[in-house]
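Taking it in order: structure first as structure tokens, then the write-up.
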Amino acid sequence: MSGPSSGCGFLMSVVVHGDLALNEQEKELNQRLKRLYPAVNEQETPLPRSWSPKDKFSYIGLSQNNLRVHYKGHGKTPKDAASVRATHPIPAACGVYYFEVKIISKGRDGYMGIGLSAQGVNMNRLPGWDKHSYGYHGDDGHSFCSSGTGQPYGPTFTTGDVIGCCVNLINNTCFYTKNGHSLGIAFTDLPPNLYPTVGLQTPGEVVDANFGQHPFVFDIEDYMREWRTKIQAQIDRFPIGEREGEWQAMIQKMVASYLVHHSYCATAEAFAKSTDQAVHEELASIKNRQKIQKLVLSGRMGEAIETTQQLYPSLLERNQDLLFMLKVRQFIEMVNGTDSEVRCLGGRSPKSQDCYPGSPRLFNSPVHKASSSQTYQTGTAEVEMELDHFSNGVSESSSNGFLNGSSTHGIDLEECDGDMGEIIIWRQLCGGSQAAIERMIQFGRELQSMSEHLRRERGKNSANKKMLKDAFSLLAYSDPWSSPVGYQLDSIQREPVCSTLNSAILETHNLPKQPPLALSVGQAAQCLSLMARTGSGSCAFASVDDYLH
Amino acid sequence: MCVCNVLKHEVTFIAVPNDCIDALVCLGWKSFPLFPGLKLPSLPGQVDELQCLRRWEAGLCSPSRDFHRQLATVREVTATSRHYVDRLFDPDPQNVLQGVIDMKNAVIGNNKQKANLIVLGAVPRLLYLLQQSSSSLELRTECAVVLGSLAMGTENNIKSLVDCHIIPALLQGLLCSDLIFIEACLRCLRTIFISPVTPVQLLYTDPTVIPHIMSLLSRSQHTQEYITQIFAHCCKTPEHQMVLFNHGAIQNIAPLLISPSYKVRMQALKCFSVLAYENAQVSMTLVNVLVDGEQLSQVFARMMQRDKPIEMQLTAAKCLTYMCRAGAIRTDDNCIILKTLPCLVRMCSKERLLEERVEGAETLAFLMEPDIELQRIASVTDHLVSMLADYFKYPSSVSAITDIKRLDHDLKHAHELRQAAFKLYASLGSNDEDIRKKITETENMMDRIVSGLSESSIKVRLAAVRCLHSLSRSVQQLRTSFHDHAVWKPLMKLLQNAPDEVLVMASSTLCNLLLEFSPSKEPILESGVIELLCSLTQSDSPALRVNGIWALMNMAFQADQKVKVEIVRALGTEQLFRLLSDPDTNVLMKTLGLLRNLLSTRPHIDQIMSSHGKQIMQAVTLILEGEHSIEVKEQTLCILANIADGNTAKELIMTNDDMPQKIKYYMGHSNVKLQLAATFCISNLIWNEEDGSQERQDKLREMGFVDILHKLTQASDPSLCDRAKTAMQQYLA
């Protein structure tokens with residue numbers, strides 16, 4: 001029943017000679033592996049994709065992209081047994097791992113073993129005979145768990161059968177399948193880092209592996225669904241017992257501190273009031289930070305620096321590297337045409353200067369209210385929240401603003417937003433104003449001398465050097481926006497600058513520079529990758545992102 | 001009116017244990033009936049009063065203070081309850097409405113209060129208000145809600161409600177146009193109909209009800225949930241299936257399988273499982289139904305995905321199983337082999353609840369019963385055979401010690417688990433010898449069957465004997481494990497006074513145990529089984545008659561003279577001949593088989609023919625002349641051939657005027673089998689080395705047999721040709 005379908009699948013691998021077909025197969029493999037094992041970081045732990053030509057006994061021959069295994073020894077005694085391991089061990093982050101082997105020919109006696117073994121296990125043996133080696137043998141249907149004597153396990157298998165091997169890295173068990181039917185648990189308490197392994201012992205034996213190159217006969221995705229549900233239920237039902245109250249208070253604190261950190265002051269105030277907590281920062285202070293952040297995020301760096309210096313006089317003086325970073329950003333914004341200094345030179349109307357969504361004036365404009373990605377509720381109370389969303393709207397709106405300012409003044413904002421996807425925006429250095437360009441050049445020189453000054457005072461700083469070099473490189477291209485360094489002009493690059501400045505301000509107030517909420521999200525993600533490294537398979541089914549929405 | 005109601009309800013409701021009444025009566029408690037609360041010992045919360053009575057009766061406490069205090073509380077509760085009922089009779093409709101609402105709040109979650117209100121006669125009044133067209137819609141709805149709440153209590157509550165004819169009243173209510181009211185009625189009907197004490201027939205008494213309910217399916221998600229739940233519980237017979245089917249149940253319910261509400265999806269699925277069960281028409285219709293462009297079998301297959309709730313997986317698997325057994329889906333369809341079967345095997349695993357394991361095993365047994373391929377796959381899937389062995393370990397020794405609640409739960413399910421396992425083993429082993437071997441080699445399997453045969457639960461006994469029967473089809477098992485465990489002993493015991501279902505299985509198993517190579521044959525014979533088998537042949541059930549005569553036939557095969565004589569004696573020729581005219585061909589065939597086995601080896605033939613020759617010859621004549629199948633006639637001719645092999649018995653044929661002519665006729669028959677059997681007969685008659693062979697040869701030659709034999713030597717069938725040649729040689733020698 002399943003034979004023919006899988007037969008077709010394997011036939012394809014025979015036809016694979018041309019590069020085209022090979023690429024197709026490669027693509028299919030990549031897609032399937034990505035879908036099955038999304039939590040695996042292949043940079044760190046590559047998945048097995050074929051048998052290893054280096055990690056095999058000499059009686060084993062490989063062909064067909066190292067997927068087909070045949071026996072080429074004498075096959076007289078068990079001493080002639082030979083095995084081959086896959087190129088890589090099974091990563092724990094798979095959660096559940098599966099591969100299939102099709103018996104192309106049972107050869108003389110069909111002494112074939114399919115299973116798992118650790119690195120370094122003798123290859124002159126069938127899988128299952130030695131320590132850290134596990135196998136299911138075709139001639140008697142027995143399972144071999146690190147022992148020369150097998151246990152009755154399943155049916156025998158022979159030519160035409162498809163045998164699957166599934167490793168559950170959550171409970172460290174293994175079961176096999178035959179022609180798509182699960183045969184039940186074969187091994188428990190498996191060690192980590194096992195390699196898919198096959199062993200053959202008599203002439204004529206040939207088997208093909210499927211590490212995901214073709215659809216599997218057994219419905220492994222259904223099995224994975226079950227485990228994903230189990231793990232998620234475990235997380236959902238994690239017992240907190242009598243500490244429920246504590247938990248709630250802690251979560252409320254985290255939310256409140258997050259709101260304060262990002263200076264959503266009205267929301268923070270309302271939240272603190274309804275959950276009955278104290279806010280650890282003066283409201284005025286939050287508002288100040290909010291103001292500065294808005295300036296940074298709308299690209300008005302000059303004003304941002306100025307405001308910072310006014311409100312926190314000693315901050316930038318003491319922190320020259322931060323000032324340098326802000327100034328480099330200011331330079332970039334000048335190139336972009338968004339910085340206030342060049343904007344006034346460009347002769348824009350004050351109205352069009354403010355098209356960054358962070359700007360309060362726009363929120364009261366009914367026109368903007370109706371537009372799409374950057375629209376937020378009107379009214380000052382809500383203004384704070386929209387900062388949460390700036391990553392989406394920023395790039396469009398800043399370019400918009402630019403377009404607005406340089407060409408037509410009276411253009412309806414909504415129209416611009418709507419057209420964003422289609423029209424190619426005509427961009428000009430520093431907003432196209434000669435005066436502005438000159439100011440930019442001059443500012444660049446000042447920056448250069450500041451850099452030299454810093455180097456003399458505090459020694460070399462490669463980060464600063466690179467920052468400056470990248471920023472100046474913008475001038476080397478006729479169209480900086482589409483140049484290799486053009487990414488700097490993207491408004492999303494304002495975010496790290498903004499949060500660094502915000503953190504620095506908070507630090508001066510003895511407040512944490514990172515909100516506990518972000519910290520715990522980061523910690524959870526880190527924890528999962530640590531689990532993957534230490535062999536806890538359940539990390540496969542507990543992505544942090546799943547819980548952030 | 002109020003008082004009258006109370007009295008009426010005391011009569012219908014109260015179930016007081018006799019010992020309690022006796023105690024009260026003999027103590028002179030004439031006023032006892034006035035305290036209805038006292039008489040509800042089966043209700044939670046009132047057990048105390050009963051215990052008090054019992055202790056008192058047993059002389060463990062004095063009748064004084066304790067008891068009086070209890071009585072006082074009862075009076076108090078009754079008084080407040082009575083207040084609620086009294087308010088239902090208030091002349092001001094507004095007060096009545098408020099009274100019903102207060103009552104609703106008072107009964108929620110309070111079984112004691114519910115029972116009190118029922119006893120005090122609230123139900124007829126509520127029903128009256130609900131049906132009265134002068135009542136406001138709000139009042140009618142609240143009445144339905146309160147009634148629904150009362151129905152949520154104990155089974156006794158349901159009984160009282162049904163006795164008050166609540167069902168027709170609520171069904172009538174469904175004709176109203178107001179959705180909220182309809183939903184309240186349906187909710188109450190749902191609660192009543194899903195109770196095991198409600199006769200489901202009440203849904204079908206009025207033929208206009210089902211079409212109307214069907215039309216309410218489109219009204220809201222709630223009507224959908226309640227209606228499908230009612231249908232799922234009230235479809236118990238093929239007639240019910242057809243009523244629902246004919247009123248468009250399939251078209252109306254199919255779209256609900258993709259409802260946004262899980263409850264609706266689940267109840268719709270349950271409807272399909274009860275509709276499709278052993279119903280080919282429904283099943284055939286189901287395979288062609290499309291839901292949102294998708295085939296129903298695909299929808300069911302999706303519901304079996306392993307991340308779906310177990311209840312849903314199991315019910316979807318049941319639907320597909322029933323459709324498959326009804327012939328609507330092939331057994332080699334991927335959705336059966338790769339989805340349904342593995343899903344049901346998973347339901348048998350230790351991780352599942354006991355109820356799920358029972359249902360899973362029973363459904364799986366049903367699915368693969370007729371199909372050897374499914375049996376083979378299941379036998380290697382997830383260690384099913386050894387997984388089932390776990391079904392016999394309840395209550396486990398651990399549960400007995402650690403947890404009384406669990407022990408109770410285990411005990412309750414132990415029988416069900418065992419019978420389900422036996423059923424599944426029976427189904428697994430019904431065809432494949434290797435699987436049977438695997439089953440008998442499972443830990444203590446034969447012992448478990450043996451003890452299952454004598455369990456008190458009839459369901460377990462029946463399942464155990466089914467399992468034994470399935471395994472008894474194996475020659476190897478008959479020779480080994482069956483004998484080692486002396487399974488014939490409990491089997492024989494089971495045959496005494498068992499119900500027919502069990503008897504059929506047990507006697508069928510016995511047939512196999514009586515096969516000549518079975519080592520159990522001897523001890524069974526010695527246990528005096530013959531009388532028992534003979535009595536089975538007189539049963540009204542054809543299956544039992546067949547098994548009885550079949551067993552006798554097997555017993556007579558190559559048996560001692562003594563056994564044969566005993567069979568003939570015990571059966572009696574009269575019964576033997578009655579069986580030869582049995583309307584069931586199977587019975588006739590086995591009776592002929594018995595005769596043939598009795599009439600084998602020369603001395604036996606002669607002896608039996610000397611005592612019963614006349615009747616046997618008569619019976620043979622009768623069958624050969626009658627309208628019978630080829631097989632029957634062939635068997636009869638074989639008997640005749642056996643008779644012809646006897647020394648003295650031969651003469652019975654030779655001296656019969658008709659018989660040679662009949663043989664002649666069959667030698668010229670168009671059917672080779674009959675020709676062959678008839679030729680055998682002649683061949684035996686003319687065999688050379690026996691006394692009087694010359695005379696017989698001459699006589700038969702005169703009758704023209706040589707010519708016929710000569711012709712048959714030219715026959716195209718090689719065995720007939722050989723047989724004729726051998727016969728001709730007798731003349732030539």
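Source: prediction; values computed, not measured. Each chain gets a letter, A, B and so on, in the order its sequence line appears, and its residues count up from 1.
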For A/Ile185 against B/His383, the heavy-atom pair lying closest together: O-NE2, 3.0 Å

Would you say CG of A/Asp236 has more than 12 non-hydrogen atoms from neighbouring residues, nucleotides or ligands within 6.0 angstrom? yes

At a heavy-atom distance under 4.5 Å, which candidate from A/Ala233, A/Gly184, A/Gly154 has the highest pair count against chain B? A/Gly184

Could you state the interatomic distance from CZ (B/Arg376) to NE2 (A/His181), rounded to the nearest 0.5 Å? 13.5 Å

Quick one: what part of B/Lys308 sits under 4.5 Å from any heavy atom of chain A, side chain, backbone, both or neither? neither

Could you grab the distance from atom CG of A/Leu183 to atom CG of B/Leu384, nearest 0.5 Å is fine? 12.5 Å

Please round to the nearest 0.5 Å and tell me the distance separating atom CZ of A/Arg228 and atom CZ of B/Arg306. 13.5 Å

How about CZ on B/Arg330, more than 12 heavy atoms from neighbouring residues, nucleotides or ligands closer than 6.0 Å, or not? no

Check each atom of A/Tyr223 against the heavy atoms of chain B and say whether the ones under 4.5 Å are side chain, backbone, both or neither. both

How many angstroms lie between CE in A/Met224 and CG in B/Asp307, if you round to the nearest 0.5 Å? 12.5 Å

Quick check on B/Lys437: does its NZ atom have over 12 non-hydrogen neighbours (other residues, nucleotides or ligands) under 6.0 Å away? no

What's the verdict on salt bridge (Lys or Arg N to Asp or Glu O under 4.0 Å) for B/Lys339 and A/Asp219, showing C-alpha distance, side-chain angles and the deciding distance? CA-CA 9 Å; B/Lys339 296 281 171 223; A/Asp219 192 348; 2.5 Å; yes

Should we count CZ of A/Arg237 as having more than 12 external heavy atoms under 6.0 Å? no

Please state whether the side chain, the backbone, both or neither of A/Phe175 comes within less than 4.5 Å of a heavy atom of chain B. neither

One should read off an interatomic distance between A/Asp222 CG and B/Leu338 CG, to the nearest 0.5 angstrom, of 11.0 Å

